[in-house]
Structures are given as C-alpha cells and as structure tokens.
Amino acid sequence: MTTSSEAGEAMRDEPEQNDQREEAASPAPVDAEAPEPVEELPEPDPLAELTDAVSALTEQVRQHHDRAAARERVIDKLHAEVERLRAGEQNLLLRPITTDLQNLRKDLLHQARTLPPELSREQVAALLESFALSAEQALERCGSTPIRPEVGAEFSAREHRAVKILPAAEPDQHERIALVLSDGYLDTTTDRVTVPARVHVYRWSATTGDDPRAEGMSADV
C-alpha cells in the first residue's frame, strides 16, 4: 500500500514531469540565419590609377596623331593632284601660242640663213612686218588684239598714253594724236586695255580765250 507521504511526493513530482514533457514537446527555437561574412575590398592604389589614366591619355594622343597624319597625307595627295591638273590646263592653254612661237622662231632662223646679201629698205620692212603678223596671230589666239591708233585720231585716255604733249597749230588739233610710237593691246575676254598705245598728243592753248573748246581742258593727259 502506498503511504500518504509517498502519495504527496508523487503529487509534487507530477507538475515537474508535466513541465519537462511540455518542454520536450515544444519545438526547439529556430536560430536566426547567420549573416554572410562581408568580403573586404582592397583599398585602391593611387599609383595604379594614375598609371591607367596616363596610359589612356597616351593612347588618345597617339590616335589623334595618327588621324592628323592621315589628314596630312590626304591633303598632300589632293595638292599634288591639283598641281598636276593645273599644269595640264596651263599646257593646254599655252599649246597654241607655243606652237606659234616655235613656227616664228623657225621662220626667223630660216630667213637669217637664206637672207640675200643685198636687201632694200622696203624688203626688210616687209619681212619684219610678216614676222610681226605671225606674232599678232599668236596673240589673238590668246585673247589679245592690238590697238592701232592713227595720226589725227582723237586721244582716248582709256586706250592711249600720251608720252609727249605738242603745241597745236590750230584749235582743231586739240587732243588729237600727233604721232604713234607703239600699238596697244586689248583683252578681248574682259574688253579691257592691258597695254595702252604710246602716242604724242597735240594740245591747243588759247591765248585770247575766244575758243570754247580750250576752256576747261586739263593739262594732264
């Protein structure tokens, strides 16, 4: 038989056993996930960064020089092509005058070798005029035509250059050509006088002032 003291001890032990069973039945607490260890990054090396920057800058400068050299080669090639075309055009434009000058030289040398020992003044003049005509034809092919003023014609400051002023014997001679020293030349393309003819010009000076054409005339020609 169970005594009262044993029964009391059994009753005291029962709550402790119940607590132990509850603790055993309750799930064990889940531990929080442990954080992953953070990998420490190495500190940047200033020298390495500076080296990389200098290398990148050096590469950019090299590429710039390469592009500049390529542009220079293109420019030189274009310049050479322009010079070649210019020389070709110049030769093409000068070919007619070159041919005329070659023929003129040939004619002069031929006349010098075959010139008779005695020539009259008229024959020499005709021979020289024929050579002048050949030169004139060559000039006309280049767009330059002679200006041939005549004695007694009216003076034109655009076409003539007065190298000497002569006193006129009468008012009608005022501003008239007295003598032609050399012909002038006119550019047929631009219609401009490239070389004025050199002439002597009459100038009337009225002593009484009765002639109205003498008034207001400039002494400069």
Kindly list each side-chain donor-acceptor pair under 3.5 angstrom involving residues 100-113, sequence neighbours excluded, with atom names and distances?
residue, atom, partner, partner atom, Å
Asp100, OD1, Arg141, NH1, 3.1
Asp100, OD2, Arg141, NH1, 2.5
Asn103, ND2, Thr99, O, 3.2

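Between His160 and Pro149, the closest side-chain pair of non-hydrogen atoms falls below 4.5 Å. Between Val201 and Lys164, every side-chain heavy-atom pair lies at or beyond the 4.5 Å cut-off. Contact of the Ile147 side chain with the Leu186 side chain is registered, since non-hydrogen atoms from C-beta on lie closer than 4.5 Å. At least one side-chain heavy atom of Glu136 sits less than 4.5 Å from a side-chain heavy atom of Pro146. Here the side chains of Arg198 and Ser182 are in contact, with some heavy-atom distance below 4.5 Å.
By the criterion of side-chain heavy atoms lying less than 4.5 angstrom apart, applied directly or through intervening Ile, Leu, Val, Met, Phe, Trp or Tyr residues, Val163 is grouped together with Leu179 in one hydrophobic cluster. Grouping the Ile, Leu, Val, Met, Phe, Trp and Tyr side chains by contacts below 4.5 angstrom, directly or via other members, places Ile165 with Phe155. Linking Ile, Leu, Val, Met, Phe, Trp and Tyr residues whenever their side-chain heavy atoms come within less than 4.5 Å leaves Trp204 and Leu166 in two separate clusters.
In the displayed structure, Glu81 atom CD is contacted under 6.0 Å by more than 12 heavy atoms of other residues, nucleotides or ligands. At most 12 heavy atoms of other shown residues, nucleotides or ligands fall within 6.0 angstrom of atom CZ in Arg121. Heavy atoms of other residues, nucleotides or ligands lying less than 6.0 angstrom from CZ of Arg176 number more than 12. Arg192 CZ: 12 or fewer foreign heavy atoms inside a 6.0 Å radius.
Judged by distance alone, the side chain of Ser144 and the main-chain N or O of Glu140 form no donor-acceptor pair under 3.5 Å.
Going from atom CD1 of Ile177 over to atom CD of Glu159 covers 9.0 Å, rounded to the nearest 0.5 Å. Leu115 contributes atom CG, which lies 7.0 Å from atom CG of Leu127 (distance to the nearest 0.5 angstrom). Taken from OG in Ser156 to CD in Glu175, the straight-line distance is 10.5 Å, to the nearest 0.5 Å. Put simply, CD on Glu72 and CZ on Arg67 are 14.0 Å apart, with the number rounded to the nearest 0.5 Å. Between the CG atom in Leu57 and the CZ atom in Arg62 there is a gap of 12.5 Å [rounded to 0.5 Å]. Between Arg148 atom CZ and Asp183 atom CG the span is 6.0 Å, to the nearest 0.5 Å.
When all heavy atoms of Pro116 and Leu119 are compared, the pair lying nearest together is CG-CD2, 3.3 Å. Annotation for Cys142 and Ile97: closest pair SG-CB, 3.6 Å, computed over non-hydrogen atoms.
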Does the pair Leu139 and Tyr185 meet the rule for a side chain to side chain contact (heavy atoms under 4.5 Å, CB included), with working shown?
CA-CA 9 Å; Leu139 290 171; Tyr185 293 95; 3.6 Å; yes
The test is side chain to side chain contact (heavy atoms under 4.5 Å, CB included); show your working for Arg73 and Lys77 and say whether it passes.
CA-CA 6 Å; Arg73 289 192 296 269; Lys77 183 177 180 180; over 6 Å; no
